[in-house]
Structure formats: structure tokens, C-alpha cells
Enquirer: 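First, the structure itself, so that you have it in front of you.
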Amino acid sequence: MIGNTILLALREIKRNVLRSFLTILGIVIGVGAVITMVTIGGGATLQVRQQIASLGSNMLIVTAGKRMGPGQTSGASLFKEVDATAIDAEISDIAAVAPVTTQSLKAIFGNQNWTTAVVGTDNRYLRVTSRALKTGRSFNDGELRAGAAVCLLGETVKKKLFGSQEALGERIRLQKFSCEVIGMLEGKGQSSMGSDQDDLVVIPLRTFQRRVSGNQDVAMIQISVREGASTDKAKRDIERLMRDRRHLSPSDEDNFTVMDMKEITNMLTGTTKMLTALLSAVAAVSLLVGGIGIMNIMLVSVTERTREIGIRLAIGALEREVLTQFLVEAVVLSSFGGLIGIALALAGSLWLSAVLNVPFVFNGGIVLIAFLFSALVGVIFGYFPALKAARLDPIVALRHE
Amino acid sequence: MNAELKTGAQTQEESANVPPTALATPQPENLVAFRGVTKVYGRGDASMQALRGIDLDIAAGEFVAIMGPSGSGKSTAMNILGCLDTPTSGSYLFKGVEVGVLSRNQRALLRRHYQGFVFQGYNLLNRTSALENVELPLLYRGASSSDRRARAREALETVGLTGWETHSPGELSGGQQQRVAIARAIVTSPEVLLADEPTGNLDTARSREIMDLLTKLNRERGITVIMVTHEPDMAAFATRIIRFMDGLVASDQPNRRESS
Ligand SMILES: Nc1ncnc2c1ncn2[C@@H]1O[C@H](COP(=O)(O)OP(=O)(O)OP(=O)(O)O)[C@@H](O)[C@H]1O
Ligand SMILES: [Mg+2]
């Protein structure tokens, strides 16, 4: 009987393919959006976590300005190299401190060019970010002090400029100056928000200040706390020191931020989470609209098929059999919407994850929930029209034209 | 006595396959019995008394024609006979069971198991083949699909529509549609066949074919036939003619069947 009812529902849906499709569009969009958002959001969050984990949990970053992302300054004055030196000297339990300042520049070798992140820092940067050299050497003291035109290449930049050619010892152009490649960085792989951790050129801080920025500023200070020591304590100590160095009176707010990994993670994943929540709300609304669409079309269908209902009741169909028939029709309709939505969402997520460079994390739970929810929408919004059909008076229904 | 008819507590299969046996327990003298049946439509000033107290007994095996002027209450009586409606007062006993106190679903079960109804306007499902139309009542009885198919073909054969199984009502003539409707009514082997103006839309030749068919079902299969008609020619096929007038039975006479 239920098999027959489903067949009947399918036939009825097939009779009005276009109408059926338009009816379930809301469900398709709702289910599709929910699954896509959760999948992409999950992938992005996973990626951020992975990248942060690869940095090590004992990292602190000091940026200028209050509660802004790295590199953003909100007008507060930046740091100087001496700030980094002071932290290194005065804070205990610090493994390494690196002044870091970056800018995006075009790197040129021969007829190849590639826009990359140029990082002005010193050898401590490698320790703080746990990077190693694959070949060549790091900067020597003379180069650091003099601001020599030397650089370390990330894997991506090397590949883009040199291909399979040997890069060590060659000279590349960065903006208006050329520098010699003295070392190759070990690859760190894919990373946060679609960016590539190996897409960088490291040059001495002094070189950066002199040839690129033209001032003595340092955008941020990266610190790695000694293994086993309290990051919280180090963070508090650094905050106290920086307030002191920046001559803030007790009533002034901090005009810098010291972030630990937890805060960096939250900052990076918070955005994705908020976006996911927001878009899920939109998707929920579209499911609601989809449900109303189904209710509307089912009511139309009941009116159109009043005679049919009258015939069924008159030849001995029970109220609940007619109710079931229309309920099944609504559920089959909405489940179709759910299935199409799932298919579109999976295809869309695969495509988006490729485009956004985010890992594709299949979330079976949300797919199942979304499908059940779409069926539930059919039950809820199909119930009233189905009840209306079942309650028809067969005599009146038979006379209906 | 109607415990078995309590559909809410039954499963689909039970309600479909097990006839409400409780109905058969009271030994009825007659298949149907009206006792002072009245039917009032509407309320107050707008009320309209369609039946004013009808007493009527019809035994199994009869072929009854109900005649009477328009508005005399024939269709109202048929709807009550067919358990589609209940009397305002008085009692209607079908196989000894008081129909007036049954729920909608219980009356549906009576229709499903004991009655076949042929409606005036055919009332077939459009866009659905003749065979599927005839299968419909069996579907609600929970018959298997092969059983449904076989019995529907047989019913179509009985009404002379072999070869028309796959045609939809739109592709059939009025007479053929009416025969599909009859096939649908008899496919469950009902005890009584109720037909409200079965020849209302047909020409004389087609009408006679339908009457021959009803006569055959009555004679050969022992199905009780109760039919409403305006035409004396058609009423002549019956064994008994009841005339309605203003919601009352005006006359009730046996009839010598026209030999056909
Ligand atoms: N649902 C209804 N509501 C109100 N009045 C009704 C209803 N059905 C029938 N009537 C009235 O009851 C009376 C009897 O109607 P009924 O349909 O039984 O007549 P009939 O004998 O079948 O007539 P006809 O030969 O035209 O079919 C009529 O006056 C009709 O207007
Ligand atoms: Mg009538």
C-alpha cells in the first residue's frame, strides 16, 4: 500500500514536472546552501587549525593597534627593532623574538615574474616560525647590519621564477633592487585562508627598511615562548613591558595587541563561524519559504483534484488513506528537493573548495540532517492540505467541477 | 457490535482485508431497510426537507428502479443507501446494521466491502487508464498487484471492454466510460450495485446495452441492483419499480421484466 502510494505520488509529480520543480526550488536552495556553508566552513576552520598547529602552540604575536588582524595598524604607531630586542632581553622564558615587517612585491628573474610577500626580518624569524633551510645558508651578521642585498626563497617563489633550474647564487630583482639568493627555505605546504606559506622571500630587516619601506618601522613582533613555559605569563609580561615602552598611563588603553595562538585561532575561525551561522540562518529561512511553497502547491493540488478525492472516498478510501496519499506526495516532493539540494551542494562544495583552496571535508551528519529536515518540511507543510483533502465530503467533492 | 469497524485501531492490512464481520452477525431479513428515513438540508428558514419519512425494504437479489420527478429525493436516498450520507432521522439498516451511528470511516468500510456505486457523471479518474480505474477499489482492499490486474481485466471483460484496458477515459465514448464505471463498481464482487441515472447521458441504444449489462449482473451473479432512472424504458428492465414524489414513496410495484 505505501509502495503504491509512493508510486502514485511520483506519477502525480511527473505530471507537473515544471510546477513540481518550481515548488521545490526553495527546498533545493535551502538544503544546498546549508550543506555548502557547513562543508566550506568546516574546511576553512580545519585549515586554519592545521596551519596554526603547524606554527606551534607557543607563539605570540604583537601587533600595533587594538584587536586588529596582523599587519593592520589602525593608526597606532608601529614598533622599532629595539622593541623586539627589549622583549628578548627583559622577558624570561622566551625562546626567540623576531621583528617582522612585510610587503607584497613583484620578484623578477629573467623573463619570469611573480608577486610575492617580501618579509623583512632576521634569522630569528626562522626559529620563531619553525622553518628550516633546505639548502644554502641564513644571513650573516655583516649582511644583517649592513642591509645587504641577499635573500632566502620560499619554495613557491623558487618554482615560479626558476622552475627546475638552480636558484642558489642567482640574483633576483625585488622592486628596484636586485639581491642574491643565498638560501632556500624548507617547504611548509598549504595554509590559511587559501594562502601559500611558501610564497615568500625573506630579506634582512635593515635591507627592507632601507630599500622597501624607507622607514625604521617594524609592523609586528613574533615571539616563541620556551617549551613548557607559560604563554599566559609571557603574554602578561610582554603587555606590561610594551605599555611601559609606549609610555601609556594607567588610564590609557593598550594601543597594541599581544595575541596567543588561541586568540589567533579564534580570530581566524571566528569569521568563518559567524559567516556559517549567518548563511545557515538564511538557508533556514529559505527552507521555511520552500515549505510554504509546498503547502501552497499542495493546497492547489487538493482543489484541482477534489473530484479525484471524492471518487476515492466514495469507493471506500479511509480518511487516513487519503491523508497518507497527500502527505506522501508532499514528503516525496520535498525529499526530492532535499536530494537535488544535496547533489548541488556536494558539487558546489567540491568546486568552491578547489577555488578557495580549502580542504573538502565531507560532513555526512549535516547531509543526513538536511535530508531529514527537507522530508520534515514536507510532513509539516503537507499535513494541512492533506487533512483538508481527507476531510472532504465525498458527495460535495463528486459534484465539484 | 461494531468493534471490528473501529478503524483507528486497525492496521492498513486489517482494515483492507478483513471484512467487518460484525456486520453480518445480525441476521437481516432484507439487504436494506429504511424506517421513517428523513433528510433535511440546511437549517431554519433555509432548510429543505428532501426525504419526509421513507419506509423501504429491498431483499437480496432484487433489481429495483427508483423513478420520480426531479427534486423528489431520489439521489438523496441513493446517497444514504450508498452510505455516503446519513439520515437526519429514522433508521437505515444495511445488512441489519444501523448505518446512522457509524463513523465516516466505518461507512467507508461498508462501501469498500459490500457496495458498488455507479455515479451519474461516470466519475472516472482522468489521465488514468481504464484498467487502473477499475483496479482502484481493489487497491483500497489491499489486493496484490497481480490479483488486482487479473480481477480488473475480468471485470472489463464482463462489461465488454476487452482491448480497451490501456485507454484513458478521455479516449472512450460515453457508453464505454459508463461501462468502465460499472466494471469499477463490480470488480469487488459487491452485494449491491447502486446506480444513480446510469444511462442519463447516453442515447437509447447505449442505454439498452447498459441495462442488458445490469440485468446480466443481477441474473447471473445475483448482485442486487438499485438504480435511479427517469426513463420508463429503462425502468422496464427492473423487477420492481419505486416511485418517489416530494420526498415520499408514491408507489412501489413489482414489474414483469421486459425480455431482452
Ligand atoms: N446538498 C444539498 N443541500 C441542499 N439541498 C439539497 C442538497 N442536495 C439535494 N438538495 C435538495 O433536496 C431535494 C432533493 O434532491 P435530490 O438530488 O435527491 O433530487 P433527485 O430526485 O435526485 O432529482 P434529480 O432527478 O434532478 O436528480 C432537491 O430539492 C434538492 O434541491
Ligand atoms: Mg438526482
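Being a predicted model, the structure only gives us computed values, none of them experimental. Throughout, protein chains are lettered first and strands after them, A, B, ... in sequence-line order, and every chain is numbered starting at 1.
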Enquirer: For A:Arg19, I'd like to know if atom CZ has over 12 heavy atoms of other residues, nucleotides or ligands within 6.0 Å.
Expert: yes
Enquirer: What's the spacing between B:Ser75 OG and A:Arg399 CZ if we round to 0.5 Å?
Expert: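 If I round to the nearest 0.5 Å, the distance is 7.5 Å.
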Enquirer: Given heavy-atom pairs under 4.5 angstrom as the criterion, report whether the side chain, backbone, both or neither of A:Ile311 touches chain B.
Expert: side chain
Enquirer: Taking 4.5 Å as the heavy-atom cut-off, does anything in residues 76-89 of chain B contact chain A, and if so which residues?
Expert: B:Asn79, B:Leu84, B:Asp85
Enquirer: Tell me, side chain or backbone of A:Ala390 under 4.5 Å from chain B's heavy atoms, or both, or neither?
Expert: backbone
Enquirer: For residues A:Pro394 and B:Arg107, determine if any side-chain heavy atom of one lies less than 4.5 Å from a side-chain heavy atom of the other.
Expert: no
Enquirer: Does anything in residues 166-176 of chain B get under 4.5 Å of chain A by heavy atoms, and if so which residues?
Expert: none
Enquirer: Checking B:Arg111 side chain against A:Leu313 main chain: does a donor-acceptor pair fall under 3.5 Å?
Expert: yes
Enquirer: For the atom pair CD (B:Gln115) and CD1 (A:Ile315), what is the distance rounded to the nearest 0.5 Å?
Expert: 13.0 Å
Enquirer: For B:Arg43, look at atom CZ and say whether over 12 heavy atoms of other residues, nucleotides or ligands are found less than 6.0 Å away.
Expert: no
Enquirer: Which region of A:Arg305, side chain (C-beta onward) or backbone (N, CA, C, O), has a non-hydrogen atom less than 4.5 Å from a non-hydrogen atom of chain B, or is it both or neither?
Expert: neither
Enquirer: More than 12 heavy atoms of other residues, nucleotides or ligands under 6.0 Å from CZ of A:Phe373: yes or no?
Expert: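 No, because the 6.0 Å sphere around CZ of A:Phe373 holds 12 heavy atoms or fewer from other groups.
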Enquirer: Hey, is A:Glu308 close enough to B:Arg127 for a salt bridge, meaning N to O under 4.0 Å?
Expert: no
Enquirer: Might you confirm whether atom CZ of A:Phe360 has over 12 heavy atoms from other residues, nucleotides or ligands at distances under 6.0 Å?
Expert: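 Counting other residues, nucleotides and ligands, CZ of A:Phe360 exceeds 12 neighbours.
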Enquirer: Does a sphere of radius 6.0 Å around OH in B:Tyr122 hold more than 12 heavy atoms from other residues, nucleotides or ligands, not counting ones at 6.0 Å or beyond?
Expert: yes
Enquirer: Which heavy-atom pair separates A:Ala317 from B:Ala108 by the least distance, and what is that distance?
Expert: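 That closest heavy-atom pairing would be O-CB, 3.8 Å.
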Enquirer: Side chain, backbone, both or neither: which part of B:Phe119 has a non-hydrogen atom closer than 4.5 Å to chain A?
Expert: side chain
Enquirer: Stepwise, does the side chain to side chain contact (heavy atoms under 4.5 Å, CB included) test hold for A:Arg11 with B:Thr128?
Expert: CA-CA 10 Å; A:Arg11 198 193 295 170; B:Thr128 305; 4.2 Å; yes
Enquirer: Roughly how far, to the nearest 0.5 Å, is the CG atom of B:Leu125 from the CZ atom of A:Arg307?
Expert: 10.0 Å
Enquirer: So B:Arg104 and A:Leu318, do their side chains get closer than 4.5 Å, heavy atoms only?
Expert: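 With C-beta onward as the side chain, the pair stays apart.
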